[in-house]
Every structure is written in structure tokens, then in C-alpha cells.
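So you know, we letter chains A, B, ... as the sequences are listed, proteins then strands, and number each from 1. We use all heavy atoms of the structure for the numbers below, so side chains are in, but hydrogens, waters and symmetry mates are not.
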2 protein chains.
Amino acid sequence: MVSLRVKATLPGIVYLVGAGPGAPDLLTLRAARLLATADIVLHDALIHPDTLLLARQARLVDVGKRANGAATDQRFIDRALIAAAARYQIVVRLKGGDPSLFARAAEELDALAAAGCEMVPGVTAALAAAAEFKMPLTRRGVARSVAFATLRQRRGARSAAPTLPRADTLMLYMARGDINGTQQALLAAGYAADTPVVCAANVAMPGATLQRATIATLTALAETDPVAPVLLGVGATFGDDFRSGEARAPQATPMRACAR
Amino acid sequence: MVSLRVKATLPGIVYLVGAGPGAPDLLTLRAARLLATADIVLHDALIHPDTLLLARQARLVDVGKRANGAATDQRFIDRALIAAAARYQIVVRLKGGDPSLFARAAEELDALAAAGCEMVPGVTAALAAAAEFKMPLTRRGVARSVAFATLRQRRGARSAAPTLPRADTLMLYMARGDINGTQQALLAAGYAADTPVVCAANVAMPGATLQRATIATLTALAETDPVAPVLLGVGATFGDDFRSGEARAPQATPMRACAR
């Protein structure tokens with residue numbers, strides 16, 4: 001695609017900023033500084049209130065996609081970003097986790113070709129879950145590769161069961177719902193039925209929980225509250241063999257029910 | 001493995017902390033706070049001096065593995081962590097990037113079973129590269145999954161060519177050296193020869209560079225300075241079709257030579 005684009009003509013710079021996995025202190029120093037100087041912040045729904053408080057002088061606009069099913073259309077967000085860049089100097093588009101993973105950043109970058117634009121990385125949920133529950137995602141001799149994927153599809157997508165990558169460790173984002181379909185997709189991707197699975201909910205937030213299963217017993221996982229983000233980890237590194245007692249126990253978070 | 005471990009008997013708590021990809025302001029607020037209160041910090045070789053300055057009251061111990069080939073043995077680091085936990089209250093083990101990825105965290109967690117231990121996630125290099133060069137790793141309809149892997153093996157490992165995962169986007173860590181072997185491993189993993197490749201060096205540090213190639217032309221990439229960390233990105237999302245002019249150009253970093 002050769003595009004003849006107009007050179008940056010809007011006064012504002014838009015920063016696509018990762019807010020990290022939930023806990024306000026897992027924000028980066030750079031993101032905190034940008035929030036403090038922002039004129040306007042367009043933010044996802046699940047951003048912690050204390051994180052938003054850092055945007056002391058900014059107008060806050062919730063463009064979250066989970067607001068009671070009344071999801072904000074991506075085209076609306078794209079237009080809102082352009083409008084903000086036309087009116088404000090420092091525009092922050094604050095996204096949960098990291099903006100380069102499952103965050104529609106490509107669409108927003110494309111929409112913002114006429115504005116100055118920068119990206120600021122964040123801690124993604126899989127890394128936060130690994131830290132919170134002391135489960136390294138790689139392990140010499142056991143797990144040399146990690147894949148991040150989601151089974152979520154755009155509405156109207158054709159394939160019923162999207163292909164999963166195959167890696168030693170697999171982290172499935174937005175894993176709530178259709179646990180039977182997830183089980184089938186994992187088996188179809190070549191994972192053995194006895195592969196260990198962990199199910200983390202509310203990572204880096206109060207009430208974070210971890211449940212353990214295997215692909216075979218995945219459907220027995222209990223359901224937790226219906227808005228908690230759920231992340232599934234799949235792979236030998238999550239197995240009993242590698243839980244060294246208390247060193248692996250989640251800290252200060254009771255094991256509670258998890259995802260369906 | 002059922003282990004009968006002694007309950008935490010050492011006075012100190014060891015924090016395995018991710019320092020992020022290099023820029024001091026890509027540290028998390030939590031990591032900055034821990035550094036400020038640490039009694040001792042055992043750190044990797046490539047940690048930015050300004051990051052270490054945050055550890056105002058700590059004894060600093062460089063346990064980096066790259067110091068002129070005289071790599072610090074992992075068992076030495078494990079023992080040093082235990083010794084530190086016996087003597088100090090707040091011990092920070094500061095690792096580049098994120099501690100759960102390619103960071104030997106599993107070994108250190110195992111060694112620290114008798115000490116209190118926490119992990120603090122960090123921004124990993126792949127996410128920082130995506131942000132710096134405005135290259136989202138996922139893209140609706142193009143890239144639904146990302147894998148992180150390395151071709152580096154422990155010394156004396158048997159297999160000559162370790163298996164690579166297969167995902168829409170692949171990020172290869174520690175990709176310096178043996179570019180021919182990398183090319184072969186990618187082709188053997190099923191990637192098409194015309195798959196776009198980006199080669200990022202010195203991500204999130206001064207003089208960060210990006211080079212573009214395909215798997216077929218990978219061997220033509222120019223070499224850069226021999227200690228710069230190198231990260232390869234492989235996949236359609238890095239292709240010309242998705243570079244929308246200036247919106248994708250790296251900011252303030254000239255395109256320079258890269259890895260071999």
C-alpha cells in the first residue's frame with residue numbers, strides 16, 4: 001500500500017500508552033509522566049481509578065469497549081483521537097496492558113497518520129500473571145518459547161475455530177466464555193490432554209485468583225465474577241513438577257473460583 | 001515433586017524485578033519504589049546507570065553474564081541471592097526486561113525457596129520494540145498470535161537446531177550470531193521465505209536501530225556493534241503493506257546497520 005499522506009498537520013501529539021495489567025504501580029515511569037502532562041486522556045474501561053488520578057489536568061474520556069455491552073465502536077475511537085489531536089497538544093490514548101498486543105493499535109496508528117504519534121509500552125497481563133503467581137513462562141530444558149494468542153474473533157469472522165499457535169508455553173488472552181471451544185482448539189492445535197493449565201483472573205488487581213487444571217479437566221474450572229478478565233496459561237512449566245511448595249504459592253490471594 | 005521445604009527462615013525478602021528494556025523511564029513505579037528501599041541490588045550487566053541511581057541506599061553487585069566473556073555462573077548468582085537474603089532485609093535481583101521470559105527466574109525461585117520471594121514484572125524487549133518503531137505485534141485479520149522464543153541454548157545442549165514455535169508474529173530474543181542457522185530454523189519451522197523480518201538493535205536505548213528484510217534476504221543484514229542486544233521480528237505485520245508512511249517510521253533514531 002503506497003499512501004500519499006498529508007504530513008502531520010494536527011497540532012497535537014497522540015501517545016498510545018500501555019497502562020499495564022491493572023495495579024496502578026505497574027505503570028511505567030514514562031506513562032506516569034505523560035499522564036501528568038496530558039490535556040486529554042481517552043481511556044479503556046478497566047483502567048484503575050488511581051491511574052486516572054495521575055492525569056491531574058486532563059479531560060478524561062471513557063471509550064471503553066465493555067461498558068454494559070454498549071461497546072464503543074473502533075471507528076468512533078479513531079475519530080475521537082483525530083478530533084482530540086486537532087484541539088489538544090498532548091493526547092493520551094490509555095490502553096490496558098500493552099498497546100501492541102490485542103489492542104487495536106494498528107487501526108489507531110493508521111487513523112492517526114496525520115497527527116504526530118508515539119507508542120509507550122506497558123506490562124502485558126501474561127507477564128503480570130507470571131510475576132504475581134511466581135510462574136516463569138520460560139524454563140531451561142522445559143519451555144523455550146511462549147506464545148500469546150486469543151480465541152476472540154471479530155464479529156462476523158468466518159472460521160468457527162481459529163488456529164492456535166504451538167509453543168512450549170501458551171498464554172490465552174480474553175479467555176472467558178466457551179470453555180468447550182477452547183478445550184477443542186487446544187487439542188486441535190496438538191496439545192496433549194494432560195498438559196497443565198492455569199486460569200488466572202483479575203491479574204494485578206485485588207482478588208486475583210489462580211486455578212489449576214489440565215486441558216482434559218479444563219471444563220471443571222469454576223466460574224468467577226462475570227466481568228473479571230481471564231487469562232489461561234497452558235504448558236509444562238505450569239505443572240506440579242515445577243511448583244516448589246511455598247515459593248510458587250500466590251501471595252495473599254486465596255485460590256478462588258475462576259473462568260468458564 | 002513433593003518437597004519438604006523449610007519454611008521461610010531467612011530474614012530478607014528477595015524481589016525478582018524486571019528493569020524493562022533499557023530506558024530508565026520504562027521501569028515500573030513498583031520497581032522504582034523497591035529500588036529506593038533496597039538494601040542490596042544484584043543486577044544484570046546491561047542495566048542503565050540512571051536506573052541503578054534509584055537504589056540510593058543499596059549496595060550494588062554486578063552479576064551480569066556478559067562481562068567480557070567472563071560470565072557469572074548461575075549457581076554463583078543463586079548462592080549470592082541466598083547469602084544476601086541471610087544478611088539484608090530487602091534484596092532486589094534486578095533483571096533486564098521481564099523476569100519471567102528468558103531470565104532464569106525458575107532457577108532463582110527454586111534456589112530461594114527458603115527465603116521470602118516476590119516477582120515484579122517488567123516491559124519485555126519485544127513490546128518496547130513494537131512501541132519504539134510503531135509496529136503492533138497483533139493486527140486484526142493479519143496477526144492473531146505472537147510467539148517469543150530464542151535460538152540460544154544452554155552449553156552442551158544436544159539438538160543443533162531447536163524447534164521454533166509457529167505463530168503469526170514471531171519475536172526472536174538474543175538473535176545475534178549465526179544468522180544462517182536462524183534462517184534455516186525459520187524455514188524449517190514452516191515460515192515462507194518471503195515473510196517480512198525486522199531486526200531491532202539497542203531497543204529503548206540511545207542509538208536504537210531497525211533494519212528490514214525477509215527471511216530470504218536475512219543474511220544481507222549489516223552488522224552493528226557487537227554488544228548491542230538484537231531482536232528479530234518475523235511476520236506479515238512487519239510487511240510493507242502495513243507501513244503507513246511516517247506513522248511507522250522510527251522516531252529520532254536513524255536507520256543504521258544491525259545484526260549478524
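Between A:Glu107 and B:Arg140, the closest side-chain pair of non-hydrogen atoms falls below 4.5 Å. Contact of the B:Arg139 side chain with the A:Asp110 side chain is registered, since non-hydrogen atoms from C-beta on lie closer than 4.5 Å. For the pair A:Asp25 and B:Thr28, the minimum side-chain heavy-atom distance is 4.5 Å or more. Counting heavy atoms from C-beta on, the side chains of A:Leu29 and B:Leu29 come closer than 4.5 Å. No side-chain heavy atom of B:Pro165 sits less than 4.5 Å from a side-chain heavy atom of A:Asp168. The shortest distance between side-chain heavy atoms of A:Ser100 and B:Thr138 does not fall below 4.5 Å.
Looking at every heavy atom in both residues, A:Ala23 comes nearest to B:Arg30 through CB-NH2, 3.5 Å. What you find for A:Gly122 and B:Leu127 is that their closest heavy atoms are O-CD1, 3.5 Å. Contact record, B:Ala131 with A:Pro121: CB-CD, 3.5 Å, taken as the closest heavy-atom pair.
Annotation: maximal heavy-atom pairing with chain B below 4.5 Å, among A:Asp98, A:Leu170, A:Leu16, A:Val120, occurs at A:Asp98.
Under the 3.5 Å distance criterion, the side-chain polar atoms of B:Lys134 are matched with a main-chain donor or acceptor of A:Cys117.
Neither the backbone nor the side chain of A:Thr169 comes within contact range of chain B, judged by heavy atoms closer than 4.5 Å. Heavy-atom distances place no part of A:Pro21 under 4.5 Å from chain B, backbone and side chain included.
Interatomic distance, CE of B:Met135 versus CG of A:Leu109, reported as 11.0 Å (0.5 Å rounding). One distance of note links OG1 of A:Thr163 with CZ of B:Arg166; it measures 10.5 Å at 0.5 Å rounding. Residue A:Glu118 holds its CD atom at 9.5 Å from CD of B:Glu132, rounded to the nearest 0.5 Å. Note that OG of B:Ser145 and CZ of A:Phe102 are 7.0 Å apart. Values are rounded to the nearest 0.5 Å.
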